[in-house]
Structures are given as C-alpha cells and as structure tokens.
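To keep things clear, I will list the structure first and then write my remarks on it.
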Amino acid sequence: MENLYQTIRSRHSITSKLVVLFLAMSVLPLMVVAGLVYNQARLILTDEVATKLTGIRSNKVILVERHFENIFAKLEIFAQSQDVLQFFNRLSTYQKTKHLANEDSFDVNDPAYRQLYSRFGEKINYFRQDNGFEDIYLIDANSGQVLFSAARKADFGANLLHGPYRDTNLARMWEQVTETKALSIVDFEAYEPNEGQPAAFAGYPVFDEQGVLLGVFAVQLSTTEINNVMQNTSGLGETGETYLVGPDMLMRSNSRFFDDSTILTKQVDSATVKRALTGQSGVEPVTDYRGIPVLSAYEPVDVQGLRWVLLAEIDKTEAYAPLQQLLSTFLIFLVIGVVVVGGLSYLISLSITRPLKEAINLTQEISGGNLNVTLQDTGRKDELGVLYRVLSDMIIGLRQQIEQITEGVNVLVASVSQISATTTQLTASAAETATSISETTATIEEVRQTAELSTEKAGQLSTEANKASHSGLEGKAAVEKISAGMSHIGNQMEAIADSIIKLSEQSQDIGEIIATVDDIAEQSNLLAVNAAIEAAKAGEQGKGFSVVAQEIRSLAEQSKRATTQVRNILYDIQKATGTAVMSTEQGTKAVEAGLVQSTEAGQAITTLAEKIAQAAQTAVQIAASSQEQLVGVDQVTGAMENINLAGAQNVESAKQLDGAAKNLEALGAQLKQTISRYQL
C-alpha cells in the first residue's frame with residue numbers, strides 16, 4: 001500500500017491520480033476476495049481428491065487381498081485332491097524304482113515317467129490354464145526333487161536342495177513349506193528358468209493318508225491378474241494410476257506409463273512408501289518415480305506374510321485442473337474489470353480535470369495581462385460551475401478597476417502639466433516661502449508613499465482572501481466526494497454481508513444432505529447385518545453372500561466416517577461464515593462512523609469558507625478606504641499648489657515644486673506603461 005501511495009503522489013496529472021485511485025479501490029478488494037475463494041476451493045478440492053483416492057486405494061487393497069485369497073483357496077483344494085495325492089504316490093514309487101539319489105536329477109524323458117506325466121499331468125495342466133498360473137510344480141519333500149512341471153522349463157527335474165537352483169526363491173518356498181507344513185508364498189525375484197523375468201511362488205503341503213508329508217504342490221504366480229487389477233484406472237482420469245511396491249522399494253506391478261514391464265526394474269523411493277512399510281496409511285503430496293508432483297494415497301498390503309505397499313496416485317496438474325480453470329476465469333474477469341473501470345475512471349476524471357485545465361489557461365492569460373478574455377458559463381451546478389462563475393466575475397471586476405485607474409492616470413498627467421507651467425511662472429516670487437513649503441512637501445510625499453503602501457497591501461490582502469475562499473470551496477467539494485465514497489463502501493459491505501448469509505444458509509442445506517447420507521449408511525449397515533444372518537442360515541451356499549454382506553457393511557462404515565469428516569468440515573465453514581458476518585457488521589458500523597465524521601468535517605469546512613469570504617469582503621473595504629486616502633493626499637497636493645501661488649515670491653520653493661511636478665509626470669508615464677500591458 002505504501003508503494004501504491006508513493007506512486008499516486010508521484011503523478012503530476014490529477015487525471016492519472018484519479019484513475020489509479022479508482023482502479024485500486026475496485027481491483028484490490030476483488031483480488032482479496034478472489035484469493036480467499038481460491039484458497040477455500042483448493043482446500044475443498046484437496047479433500048475431495050484425497051477422499052476419492054482413499055476410496056480407490058481401499059478398493060484396490062480389497063481386490064488384491066481377495067485375489068490372493070482365491071489363489072490360496074484353490075491351491076489348498078487342489079493340493080488335497082485325490083489326483084494330486086495319487087500322482088505323488090506314483091512319483092515316489094518311480095523314484096524308489098530308479099534309485100535316484102537326493103542330489104541327482106532324473107530323466108524326464110524316461111518312458112515310464114512320460115507315461116505317468118501323460119496320465120496325471122493333463123488334469124494339472126487344465127487347472128493351470130483355468131487359473132492363469134505360469135507353472136505348477138510337484139516337489140518331493142525329502143529330496144527337493146522337482147517331480148513335475150506343467151510348463152516343462154529348465155527347472156523341470158532339477159534338485160532344489162543341491163542343484164543349480166538351490167538359491168532361488170522357488171527353493172526357499174519349498175523349504176518354508178516343508179518346515180512349517182503350511183501354506184507359504186515368496187516374493188517376486190528374477191528367476192533364471194523364467195528367462196530371468198520376475199517370478200513369485202506359492203506352495204501347499206501334500207500329506208498321505210497317515211499324515212506323512214509327501215511333498216509340496218507349488219504354483220508360479222502370474223503377474224497378469226495383478227496388473228489387470230492395478231491398471232484398471234476407472235475414476236483416475238488421464239494421469240491417475242495404482243501400483244504395488246515391495247519392501248525393496250521396487251514395483252510389484254507394471255506402471256501404466258511404460259510399455260515395458262516395471263516389475264523389479266522401477267524403484268519408488270518416496271516418503272509415502274516408507275510410511276506404508278511401517279504400517280501407516282494416508283494421503284500426501286509427493287514426487288513420484290517419474291519426477292512428477294502427485295497426490296499419493298498409500299496403504300500397506302499383507303499377503304500371507306509379504307508386506308507390500310499399494311499406492312493410488314494422480315498428477316497434481318490434473319487434480320487441481322478445476323482450480324486452474326477458476327483462476328483463468330478470474331483473470332479474464334479481472335482484465336475485463338480493469339479495462340471497464342479504467343475507462344469509466346478516465347471519463348470521470350476528464351469531466352473533473354477538463355474544466356480545471358480551462359480555468360488554468362484562463363488565469364495564465366490574465367497573469368500575462370490579457371483581460372480581453374471571456375469564460376463561457378457551462379451551466380454546471382457543482383463546485384466547478386461555481387469556480388467558472390467566480391472567475392468570470394473576477395475578470396469583469398479587474399477590467400473595471402483597470403479602466404478606472406487609466407482615467408485617473410490621464411487626469412494626473414494633465415494636472416502635472418498645469419502644475420509645471422504654473423511653477424515656472426511663479427519661480428521669482430517663491431523665495432520667501434521656500435523653507436516652509438519644502439518641509440510641507442516632504443511631509444506630504446511621506447504621507448503619499450504611506451497611502452500607496454497601504455493601498456498595495458490592501459490589494460494583496462484582498463487577493464489572498466479570494467484564494468483562501470476558493471480553497472475553502474475546494475475543501476468542501478472534496479469532503480462531499482469522501483462522504484459519497486463512504487456511502488458507496490457501506491452499500492458494498494451490506495452486499496457482502498448478504499452473500500455470506502446466503503452461504504451460511506446453503507451450508508445448512510448441505511448439513512441436511514449429510515444427515516440423509518448418514519441415515520442411508522445406518523440402513524446399509526443394518527441391511528448388511530441381516531444379510532450376514534441370512535448367509536449364516538444358508539450354510540455353505542451362503543458363503544458368497546456373506547462376503548457381499550461384509551463388503552456392504554464395510555462400505556456403510558466408510559460412508560459414516562466420511563459423513564463425520566464432512567460434517568466437521570461443514571461446522572468449520574459455518575463457524576468461519578459466522579465470524580465473517582460479525583466482521584462485516586463491524587466494518588459497516590465503521591463505515592457509518594466515517595460517514596458521520598466526514599459530514600461533520602464538511603460542515604466545518606463550509607463554516608470556514610463563509611468566514612474566509614467575510615474576510616475577503618473586509619479586505620476589499622480596506623482597499624477602498626486606502627484608495628480614498630490616496631485621493632485625499634492628491635487633494636492636499638492641490639492645496640500645496642495654491643500655497644505656491646500664494647508664495648509666488650518664494651523662488652526656491654517654486655523650484656522644488658517644479659521638480660516634484662516633473663516627478664509626478666514621470667510617475668504618470670510609468671503608470672501608463674504599466675496599464676498598457678492589460679488588454680481591455
């Protein structure tokens with residue numbers, strides 16, 4: 001504000017000052033309100049995007065966990081089937097028949113083995129194809145021998161205890177299952193038999209009728225199903241995505257922004273991944289693995305002991321695109337407003353400054369001695385119209401005074417000529433009265449100079465009084481403009497208060513909608529409980545329906561939590577709205593107080609202008625009195641001429657009177673020259 005004030009003061013033109021002032025009064029409040037609206041919209045949009053990302057993230061977590069639960073359930077069922085048990089028994093018999101040592105591989109092309117493979121392997125292949133597994137293995141519990149491989153890769157027939165693949169994640173999975181005799185899964189790693197591509201394995205123990213561990217039924221997990229879940233970008237726009245990250249900060253699913261696989265090749269070392277690995281969840285702005293600012297919703301995923309992180313992210317540019325549109329719209333309206341207000345301000349300023357410029361030009365003509373000018377009456381009723389009429393009256397008065405002075409000077413010149421002739425004739429008889437006439441003449445000259453000085457000072461006093469009266473009228477006009485501006489500001493404060501009250505009413509409507517959503521969540525929860533009861537009654541046939549009921553119940557609880565958060569936010573908005581209403585009322589009262597003070601100031605300036613006008617009138621009377629004194633001095637001078645006639649024999653006095661007459665003649669010539677600069 002200080003810089004703006006200095007800028008306005010530095011302007012030389014009143015027009016530019018008024019334009020800048022009008023623009024500041026109109027644009028600055030608009031920019032303040034726009035900034036507040038933009039900030040509030042950003043907060044609301046951030047909460048909305050965070051809620052959306054949280055919902056998508058939670059849904060993806062459920063889908064991932066459900067995907068692996070389905071895999072584990074199918075793995076358990078098939079591993080306990082009679083086909084797998086019978087196949088394991090036949091393979092164990094085959095091992096014993098061939099006398100294979102634990103560290104040996106066996107010949108998968110042996111006719112006896114091929115017969116077993118063709119008899120039992122077909123069903124296992126069907127199971128693999130139906131469930132999308134990359135490969136299925138039957139691994140001996142004691143020797144670690146890969147007795148069966150549906151895909152028949154390089155690990156088929158290998159020994160996981162002593163062979164070349166003893167340090168792979170497949171070997172670790174076999175060790176975990178044989179030690180725990182329970183389901184086990186190992187994370188993705190580069191697997192040589194899989195052409196070095198990432199591979200993850202899950203295994204389930206196989207027991208005989210007596211409960212003896214025969215081996216491990218294992219599957220190589222496919223990344224296709226996980227990628228299908230993660231790369232479904234419904235609700236995420238053009239830049240949103242969901243993906244999985246492991247504890248090593250490497251991806252466990254592909255990125256939608258890369259054509260090649262990013263599993264185990266793209267590192268995501270962000271703060272949200274680190275927090276999720278410690279068990280936290282939330283939404284934060286971060287820079288993603290592409291170096292792009294995003295909003296990231298993170299949550300840990302536990303898959304049978306594997307700790308992964310699921311991230312749902314969207315670029316900030318897309319998330320805040322509505323804000324950019326709002327900002328662009330505001331800037332357009334701001335530019336239009338500046339142009340319109342600037343144009344109106346310029347026109348209003350011209351209506352004020354153009355008459356002032358004409359008045360200035362007129363006074364310059366008068367100061368140059370041109371009184372042959374006229375000022376047209378504009379017909380205006382405001383202060384500028386009064387100024388025009390006062391200047392016109394001043395020009396007429398000056399013209400009349402100069403005419404009167406011209407006539408007086410002419411008379412003075414004629415009288416001096418007569419005095420000069422008379423003194424020449426009476427020089428011889430003026431000697432006797434020389435001393436007395438000389439003293440009297442000197443005294444009269446001093447009185448005349450005093451009278452002239454009084455007349456000059458009285459004229460200056462009259463001029464200054466007229467200027468002070470004009471300044472008083474300008475001050476009165478300025479105070480009236482300030483009062484009008486304060487009234488306009490008061491009207492704007494009332495409009496702002498009405499807008500804030502309407503916003504409060506709309507927030508109450510939102511509260512009613514939130515209550516309705518809360519009721520729906522309660523009813524959904526009750527419906528989920530009833531559905532769970534009915535599913536329990538249905539037994540095995542109602543298990544699927546029980547899962548749906550649980551999901552409905554979970555969604556109902558999430559809806560209640562969301563409505564609670566929105567209600568808290570709405571309460572804060574209502575509280576802020578109330579505070580804004582109180583502040584607006586206080587501002588309105590302050591404007592009213594300012595209007596009263598400006599009115600009182602206007603009345604004081606009006607009284608001052610009247611006093612100054614009275615002083616100006618008094619100064620004019622003083623000038624008139626001084627003029628009368630000067631006339632009196634001229635009469636005394638005439639009496640002295642009679643004394644010269646009476647003292648005709650005083651030669652020396654006559655000579656002095658002759659010199660005085662010549663001085664008066666020179667003064668008359670000087671007055672003529674001074675008056676001649678004025679054009680009447």
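For reference, positions follow the sequence shown, starting with 1.
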With a 4.0 Å cut-off, would you call [X] and [Y] a salt bridge?
{"X": "Arg152", "Y": "Asp135", "answer": "no"}
{"X": "Glu134", "Y": "Arg128", "answer": "no"}
{"X": "Arg172", "Y": "Asp167", "answer": "no"}

Under 3.5 Å donor-acceptor, [X] side chain and [Y] backbone:
{"X": "Thr242", "Y": "Met230", "answer": "yes"}
{"X": "Asp155", "Y": "Val146", "answer": "no"}
{"X": "Arg307", "Y": "Gly305", "answer": "no"}
{"X": "Lys60", "Y": "Asn232", "answer": "yes"}
{"X": "Ser58", "Y": "Gly55", "answer": "no"}
{"X": "Asn169", "Y": "Ala199", "answer": "yes"}

Inset, instruction - For the pair Val245 and Leu311, evaluate side-chain contact (heavy atoms from CB on, under 4.5 Å) and give the outcome as yes or no after the intermediate values. - result: CA-CA 8 Å; Val245 179; Leu311 300 172; 4.1 Å; yes
For the residue pair [Y] / [X], report whether a side-chain donor-acceptor contact shorter than 3.5 Å exists.
{"X": "Asn254", "Y": "Ser261", "value": "yes"}
{"X": "Tyr320", "Y": "Thr46", "value": "yes"}
{"X": "Thr224", "Y": "Asn227", "value": "no"}

Can you confirm whether more than 12 heavy atoms, excluding those of [X], are under 6.0 Å from its [atom1] atom?
{"X": "Phe258", "atom1": "CZ", "value": "yes"}
{"X": "Glu192", "atom1": "CD", "value": "no"}
{"X": "Gln80", "atom1": "CD", "value": "yes"}
{"X": "Asp260", "atom1": "CG", "value": "no"}
{"X": "Glu195", "atom1": "CD", "value": "no"}

Legend entry - Chi angles and distances behind the side-chain contact (heavy atoms from CB on, under 4.5 Å) call for Leu138, Phe88: CA-CA 8 Å; Leu138 297 181; Phe88 253 115; 3.6 Å; yes
Inset, instruction - Would you please classify the geometry between the Tyr191 ring and the Phe201 ring as parallel, tilted or perpendicular, with 30° and 60° separating the classes? - result: perpendicular
Inset, instruction - Could you please spell out the steps behind the side-chain contact (heavy atoms from CB on, under 4.5 Å) verdict for Gln304 and Leu183? - result: CA-CA 8 Å; Gln304 196 65 27; Leu183 174 69; 4.0 Å; yes
Inset, instruction - State, to 0.1 Å, how close Pro198 and Asn194 come at their nearest heavy-atom pair, and which atoms those are. - result: O-ND2, 3.5 Å
Inset, instruction - Taking all heavy atoms of Ala297 and all of Val283, pick out the closest pair and write down the distance. - result: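 Between these two residues, the closest heavy atoms are CB-CG2, 3.8 Å.
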Would a line drawn from the ring center of [X] to the ring center of [Y] be shorter than 6.0 Å?
{"X": "Tyr137", "Y": "Phe148", "result": "no"}
{"X": "Phe127", "Y": "Phe133", "result": "yes"}
{"X": "Phe120", "Y": "Tyr113", "result": "no"}

Contacts under 3.5 angstrom, residues 68-77 side chains, donor-acceptor by atom type, not counting sequence neighbours:
from: Asn70; atom 1: ND2; to: Arg66; atom 2: O; distance (Å): 3.2
from: Lys74; atom 1: NZ; to: Asn131; atom 2: OD1; distance (Å): 2.8
from: Glu76; atom 1: OE2; to: Tyr204; atom 2: OH; distance (Å): 3.4

Inset, instruction - Applying side-chain contact (heavy atoms from CB on, under 4.5 Å), run through Val64 and Ile226 and close with a yes or a no. - result: CA-CA 7 Å; Val64 170; Ile226 296 177; 5.6 Å; no
Name each donor-acceptor pair under 3.5 Å that joins a side chain in residues 285-295 to protein atoms two or more places apart or in another chain, with its distance.
from: Asp288; atom 1: OD1; to: Arg290; atom 2: N; distance (Å): 3.0
from: Asp288; atom 1: OD1; to: Gly291; atom 2: N; distance (Å): 3.2
from: Asp288; atom 1: OD1; to: Ile292; atom 2: N; distance (Å): 2.9
from: Asp288; atom 1: OD2; to: Arg290; atom 2: NE; distance (Å): 2.8
from: Asp288; atom 1: OD2; to: Arg290; atom 2: NH2; distance (Å): 2.8
from: Tyr289; atom 1: OH; to: Glu241; atom 2: OE1; distance (Å): 3.3
from: Tyr289; atom 1: OH; to: Glu241; atom 2: OE2; distance (Å): 2.6
from: Tyr289; atom 1: OH; to: Ser255; atom 2: OG; distance (Å): 2.4
from: Arg290; atom 1: NH2; to: Asp315; atom 2: OD1; distance (Å): 2.8

